[in-house]
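Okay, structure first, notes after.
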Amino acid sequence: MVGSLVFIGVGLLGLSLATSRVGCFNELQTADGVYRASGEVTSAPTLVGAGAPLEIGTTLVGLSTRRVYGPPSTDVTDVNAPRPPEIAVECGDGTYQGYQLEPGPPGAS
């Protein structure tokens, strides 16, 4: 009985740690570069000089999903299309952070 309670307690603790990552990150790593945080955290997704942001997908953070916004010209149907130069990501607490892409060296992975 005590072993079962400990097992359930550890499981619940692990789930809470995996799902409770709220807040914005300094950078988001991609296979061919890194998005670095730029500007201040805002109450709505904003992009510098790119017009009204469009939801272009989601990303996983722990066990939670965060919405990702990009420029209206982003081609989300072509997997070979270049990454948008800037994105905004939901921070999990009702705020959004903008990010600028810094491409890695050619062929880097």
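Just so you know, these numbers come straight off a predicted model, no measurement behind them.
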Worksheet item: Do the non-hydrogen side-chain atoms of Val89 and Leu28 ever get within less than 4.5 Å of each other?
Response: yes
Worksheet item: Between the side chain of Thr42 and the main-chain N/O of Pro45, is any donor-acceptor distance below 3.5 Å?
Response: no
Worksheet item: Got a donor-acceptor contact below 3.5 angstrom from the Glu86 side chain to the Val48 backbone?
Response: yes
In Å, rounded to the nearest 0.5 Å, how long is the span from [atom1] of [X] to [atom2] of [Y]?
{"X": "Ile87", "Y": "Leu101", "atom1": "CD1", "atom2": "CG", "value": "8.5 Å"}
{"X": "Leu60", "Y": "Thr65", "atom1": "CG", "atom2": "OG1", "value": "5.0 Å"}
{"X": "Gln97", "Y": "Phe25", "atom1": "CD", "atom2": "CZ", "value": "11.0 Å"}
{"X": "Tyr35", "Y": "Thr59", "atom1": "OH", "atom2": "OG1", "value": "11.0 Å"}
{"X": "Arg83", "Y": "Ile56", "atom1": "CZ", "atom2": "CD1", "value": "10.0 Å"}
{"X": "Glu27", "Y": "Tyr99", "atom1": "CD", "atom2": "OH", "value": "9.5 Å"}

Practice prompt. Spell out, yes or no, whether Val76 and Val68 are grouped together once hydrophobic residues are joined by side-chain heavy atoms under 4.5 Å, including indirect joins.
Written response: yes
Discussion item. Please determine whether side chain to side chain contact (heavy atoms under 4.5 Å, CB included) holds for the pair Cys24 and Thr95, giving the CA-CA distance in whole Å, both sets of side-chain angles, and the decisive distance to 0.1 Å.
Written reply: CA-CA 8 Å; Cys24 301; Thr95 61; 4.3 Å; yes
Practice prompt. Using a cut-off of 6.0 Å, state whether more than 12 heavy atoms not belonging to Asp78 lie near its atom CG.
Written response: yes
Worksheet item: Is Glu40 atom CD crowded by more than 12 heavy atoms from other residues, nucleotides or ligands, each under 6.0 Å away?
Response: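 Not more than 12 within 6.0 Å, no.
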Response to the item:
Between Pro84 and Pro71 the two heavy atoms that sit nearest each other are CB-CD, 3.7 Å
Discussion item. Quick check: closest heavy atoms across Leu47 and Pro53, and the distance to 0.1 Å?
Written reply: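 Residues Leu47 and Pro53, closest heavy atoms: CD1-CB, 3.8 Å.
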Item to complete: Start with the C-alpha gap between Arg66 and Glu90, add the side-chain angles, then the distance that decides, and say whether salt bridge (charged side-chain N to carboxylate O under 4.0 Å, His left out) holds.
Response: CA-CA 5 Å; Arg66 306 276 178 89; Glu90 177 185 25; 5.9 Å; no
